[in-house]
Amino acid sequence: MKHHEANCLFCRIVRGEIPATIVYRNEHVVAFRDITPVAPQHVLIIPVRHISSLSELRPEDDAIAGQILLAAGTVAEILGIKESGYRLLFNSGADAMQSVFHIHGHLIGGQQMGWPPFP
Ligand code: AMP
């Protein structure tokens with residue numbers, strides 16, 4: 001697994017080569033505002049290390065998988081939606097319409113949401 005993929009959009013955000021509104025980062029993850037928000041609060045949580053999709057996670061990636069989930073609560077608190085609630089979702093592959101192939105959790109909130117999340 002390459003750690004810093006030259007042409008990966010989100011690796012470039014991690015490296016600061018493309019501007020993003022970063023709301024939280026630590027040594028494992030970066031969280032930044034989605035450029036096309038679908039809700040009043042919409043932040044992407046990504047691993048610093050390049051992993052293309054959930055399906056590419058390996059057993060030895062257990063710590064980074066956990067770091068992404070742990071960051072969700074921290075980001076929700078920063079956004080002020082920890083109490084009101086939020087949703088964390090990962091699109092993986094074509095049917096889910098994954099468009100950027102660097103794992104990202106969409107943390108969305110700030111409004112009442114419906115379920116199921118599709119028409
Ligand atoms: P997905 O369709 O799950 O792969 O989600 C990719 C997300 O990345 C979409 O919600 C896009 O709006 C978002 N996105 C694409 N380019 C950027 C960017 N430069 N900065 C922030 N978000 C982006």
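Counting starts at 1 for both ligands and their atoms, in listed order.
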Next item on the list: Answer yes or no: is there a side-chain heavy-atom contact under 4.5 Å between L54 and Q98?
Entry: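 No, side chains not in contact.
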Notebook entry, point to check: How would you list, by chain and number, every residue that makes a side chain to side chain donor-acceptor pair (under 3.5 Å) with E27, sequence neighbours excluded?
Noted result: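 E27 satisfies side chain to side chain donor-acceptor pair (under 3.5 Å) with no other residue.
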Item checked: Non-neighbouring partners of D34 that pass side chain to side chain donor-acceptor pair (under 3.5 Å), sequence neighbours left out ->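 Only H42 meet the side chain to side chain donor-acceptor pair (under 3.5 Å) criterion with D34.
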Notebook entry, point to check: Considering only heavy atoms, which protein residues lie less than 4.0 Å from any atom of ligand 1?
Noted result: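 Residue list for ligand 1: L9, F10, I13, F32, R33, D34, I35, T36, L44, N91, M97, Q98, S99, V100, H104, H106.
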Item checked: Partner set under ring pair (Phe, Tyr, Trp, His ring centres under 6.0 Å) for F101, not counting sequence neighbours ->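 Here no residue qualifies.
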Checklist line | Flag, side chain of R25 to backbone of V14, donor-acceptor distance under 3.5 Å | finding: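 Answer holds: yes.
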Next item on the list: Under the salt bridge (charged side-chain N to carboxylate O under 4.0 Å, His left out) rule, what do E17 and R15 come out as? Steps first, then yes or no, please.
Entry: CA-CA 6 Å; E17 296 170 6; R15 294 196 297 267; 2.7 Å; yes
